[in-house]
Amino acid sequence: MDVFKRSLVLFIQKIVKEKNNAAVSEKEAAKLIKNPPDNSFGDYSIASYYFGKYGFKGIPGDIAEEIFRIALLSFEKTKDAAVFDKIEMKDAYVNFFVNKKKFAYITIENVLSAGADYGREHQEKPLKVVIDFSSPNIAKPFGVGHLRSTVIGMSLSNIYEFCGHNVVKVNYLGDFGTQFGKLITAFCRYDVDFSEFNKDPINVLYGLYVRIHKDEQIDETLEKEAKRRFKTLENYMSRNRRSIEEYLCVPGNAKNNVDNGWEGIEISEKNKGGFCETESGQYNLWKLFRGLSIDEFKRIYKSIGIEFDVYEGEAQSAEFASETTEILLKSGIASISEGAVIIRVKGVKTPALIAKSDGTSLYLSRDIVTAVTRMAKYSYDKMIYVVGSEQSLHFSQLSGIFRILKDNADKISENPVFKRYASLIDGKIVHVKFGRIIGMSTRKGNLVFLNDYIEEASLKAKEKLEDDFAEASGNAGINPGETESVALKIGIGAVMFNDLKTRRTTDVSFNWDNVLSFEGQTGPYLQYTISRINSLMLRLSPDTVKKERDFISLNTYKPADFDGVFNVSEKDADFNDIFLIIKQISYFKDAVDEALNQNEPSVLSSYALELSALFNKYYQNYRLLGKEHDYIKPRLYVIYAIKIVLMQVLRLLCIPVIERM
RNA sequence: GCGCCCAUAGCUCAGCUGGAUAGAGCGUCAGACUACGAAUCUGCAGGCCGGGGGUUCGAAUCCCUCUGGGCGCACCA
């Protein structure tokens, strides 16, 4: 909190104390201070409406007048430290106008002195936050729906870390379930083109998956076979498992216990039959499909700058699913209904199904296990699932089950280790849901794969770059040799920002023209703004850019630098526009906090667009080149501060920064 | 049928823990490059905030209801 807001907080605390003899917390007082919608209403304001509950009597206008009179006296007394130039009353508001010069100096100093760390927070007691995101299904291409989870999850991870918390980024792969029975069935029943399989395994697997889905509509033996093969797989995998108690007791058991390796597995036309007939053969098929998919995912993640701390999979939780079901049945928390095992959750009508009547596990039962084993591994304070809103029911069941486990912990007496971790989870699961992407299709009408998506955007960026070469516009641009890499960054920026610019919960209607637009409220607009700042700084002051370290050392930075900005009063003076920029810079930390509190990266997207727009307007309307040093200097500080803040936001939003484009 | 989410300018969206005059971008139209990068900027037009009711000094924001749309609702994930 800056000195200006702090002095208002103290003021509010003082007047409430005098009026009501009651203490108001700093946080509560800060909430009473608003940023007015328009500059003409000042820089901070206090609305009298809120003061009724603090013992102020009368209509809002009267209360405002009372507060106004006290404020005048109160801030008159501290005039040497004058933080406010003017205090006004308008309707029911008391408006405070900051001393612009002081505000500018302090705000910019905060940014420049912290540099690349500006806004980073330190927590005395950081939270341990597990963020589960992306979580694609194996053997299906990485689609755009997964991209939304990936981008939001990665951005939230960045934001939590930036705010000083400890984050574990988990990719929970959909590597289990009846779908694998189907995939193995398809692989065994249909002819497989092995030369194609060796070249592009994911595509071949996807083809098999699509084909069996279609065929099982007319041939019901396929589904039976798939279920049988899945049961075989699950039985094989759980035969030599450890007990969950043993697993949870191993200290630091954070290691992924499912082996990703698949190198030893050689498959061809000739030996395919052997894989299909034996238990171990089918297990190896599963391992192969899984391993190939993970390699593909990792390649994609790397290309768009995403990384995880841990890869987990449903399979490793499936290991403990039947035992967990047993525990819940014995303790009377779960019951049997129509042959399946269910738990009734308060407030949720649909019973939570944790085991099928054939005894195999379900998504929900595996998620119960996962939440418990993660508690043992990480002792999380919060576990965030970044998953589409269509799974709301699933997560309300999951949360509800852990409420039951906490309230009925005494009933889980036969397994104290499970009990210990399971009863800690209530209230810590957060479903960060997001809306669907509507109307998503290729121009041909099929599912869009992420690869195509970024490729289309990059291609368009490349065309644009080449047009710019042809026009020879702007000699601060890039070298022709950099075209490919810059175009890729622009493409990524466009695609990522498209998923982060709207509020999570709104369904976004997909449209190629929007994604492939690089103008207006887009990622490339933000990237362009930074490039432009770089170019401007280079022209204005080549030395300071070469020696950025000296520039931000603030050796020569002083309040008087802003005299020339705010002491003039010509009609066309730029000080109002500069001041707007500085105010926007000062809101950065508020934006980060809000993004964190709401788990909503789009707060930062809006912030960045606003800051960029202010800069671009300023840039267009006031020319700096050719002005004298004293004129340029304070403005250069401000511009450099914009760059620092903007780069920080882009990093938080997973958008590549481009030095020149 | 039950539950959850959504409805703001032609289009895509902000604004929603109630507060000052509902804002951007795109698109349309009219402008600005022999001057710091035109992926930019300036300006015009465009709104009973889906309809109705309620709470309140005050409602796009909270509650109820209707309409229209999306999603989910036990052996898929």
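Being a predicted model, the structure only gives us computed values, none of them experimental. Throughout, a chain's letter reflects where its sequence line sits, starting with A, and its residues are numbered from 1. Side chains are part of it too, since the values below use all heavy atoms of this structure and drop only hydrogens, waters and symmetry mates.
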Treat a base pair as Watson-Crick or G-U wobble with both distances under 3.5 Å, then lay out RNA chain B in dot-bracket form, 5' to 3', with | for cross-strand pairs.
(((((.(..((((.....[...))))..((((.......))))......(((((..]....)))))).)))))....

Yes or no on salt bridge (Lys or Arg N to Asp or Glu O under 4.0 Å) for A:Glu225 and A:Lys182, after CA distance, side-chain angles and deciding distance?
CA-CA 8 Å; A:Glu225 182 176 337; A:Lys182 287 184 185 173; over 6 Å; no

I would like to know whether A:Asp175 and A:Arg290 meet salt bridge (Lys or Arg N to Asp or Glu O under 4.0 Å); could you show each step before the answer?
CA-CA 7 Å; A:Asp175 62 356; A:Arg290 184 181 192 273; 2.6 Å; yes

I would like to know whether A:Lys57 and A:Asp62 meet salt bridge (Lys or Arg N to Asp or Glu O under 4.0 Å); could you show each step before the answer?
CA-CA 8 Å; A:Lys57 299 258 164 23; A:Asp62 292 343; over 6 Å; no

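Comparing the same atom, P, in B:rU65 and in B:rC2 gives a spacing of 11 Å after rounding to whole Å. Across B:rA24 and B:rG47, the matching C1' atoms stand 14 Å from one another, rounded to whole Å. Rounded to whole Å, the P atom of B:rA39 lies 15 Å from the corresponding atom of B:rU34. Between B:rG15 and B:rG54, the distance separating the two C1' atoms is 24 Å to the nearest Å. For the C1' atoms, the distance from B:rG69 to B:rA7 is 8 Å, rounded to whole Å. B:rU8 and B:rA32 are spaced 36 Å apart, taking the P atom of each and rounding to whole Å. Rounded to a whole angstrom, the distance from the P atom of B:rG23 to that of B:rA45 is 14 Å.
A heavy atom lying under 4.0 Å from RNA chain B marks the following residues of residues 385-393 of chain A, by number: A:Glu390, A:Gln391, A:Leu393. Residues from residues 339-355 of chain A with heavy atoms under 4.0 angstrom of RNA chain B, sorted by number: A:Ala340, A:Ile342, A:Lys349, A:Thr350, A:Leu353.
Contacts of A:Glu28 classified as side-chain hydrogen bond (donor to acceptor under 3.5 Å, both in side chains), with partners at least two apart in sequence or in another chain: A:Tyr54. When the side-chain hydrogen bond (donor to acceptor under 3.5 Å, both in side chains) test is applied to A:Asn95, no partner is found at least two apart in sequence or on another chain.
Of the two residues contacting RNA chain B, namely A:Thr529 and A:Tyr618, the nearest-nucleotide position lying further toward the 5' end is that of A:Tyr618. Nearest-nucleotide mapping onto RNA chain B: of A:Leu536 and A:Ser337, the residue sitting toward the 5' end is A:Leu536.
One distance of note links CD1 of A:Ile33 with CG of A:Asp43; it measures 12.5 Å at 0.5 Å rounding. Separating the CD atom in A:Glu234 from the OG1 atom in A:Thr360 is a distance of 5.5 Å, to the nearest 0.5 Å. A:Ser531 contributes atom OG, which lies 10.0 Å from atom NZ of A:Lys643 (distance to the nearest 0.5 angstrom).
For A:Arg532, the listed nucleotide lying nearest its side chain is B:rA38; candidates were B:rA77, B:rU12, B:rA38. Closest to the A:Pro524 side chain, of the nucleotides B:rA39, B:rC76, B:rG70, is B:rA39. The side chain of A:Asp468 has B:rA39 as its nearest neighbour among B:rU12, B:rA39, B:rA77. Residue A:Leu624 places its side chain closer to B:rC36 than to any other of B:rC41, B:rG37, B:rC36. Here the nucleotide nearest the side chain of A:Gln179, chosen from B:rG37, B:rU42, B:rA77, is B:rA77. Here the nucleotide nearest the side chain of A:Phe518, chosen from B:rA32, B:rC36, B:rA39, is B:rA39. When distances run from any side-chain atom of A:Lys617 to the nucleotides B:rU40, B:rA77, B:rU42, the shortest one goes to B:rU42.
For A:Phe615 and B:rC36, the CZ to P distance is 13 Å, given to the nearest whole Å. As a whole-Å value, the separation of A:Ile658 CD1 from B:rG37 P is 17 Å.
Remark: A:Lys460 is positioned above the aromatic ring of A:Phe518, its terminal NZ or CZ atom under 6.0 angstrom from the ring centre and at most 45 degrees off the axis.
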Classify every nucleotide of nucleotides 13-23 of chain B by which part a protein heavy atom approaches to under 4.0 Å, writing B for the base, S for the sugar-phosphate alone and - for neither, in 5'-to-3' order.
SSS-B-BBB--

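The two residues A:Leu609 and A:Gly520 have their closest heavy-atom pair at CD2-O, 4.4 Å.
The aromatic rings of A:Tyr385 and A:Phe395 sit tilted, their planes meeting at an angle between 30° and 60°.
Looking at A:Tyr49, A:Phe51, A:Tyr50 one by one, the single match for ring-ring contact (aromatic ring centres under 6.0 Å, His included) with A:Tyr93 turns out to be A:Tyr49.
A centroid separation of 6.0 Å or more is found between the aromatic rings of A:Tyr311 and A:Tyr172.
At least one donor-acceptor pair closer than 3.5 Å links the side chain of A:Tyr607 to the backbone N or O of A:Gln584.
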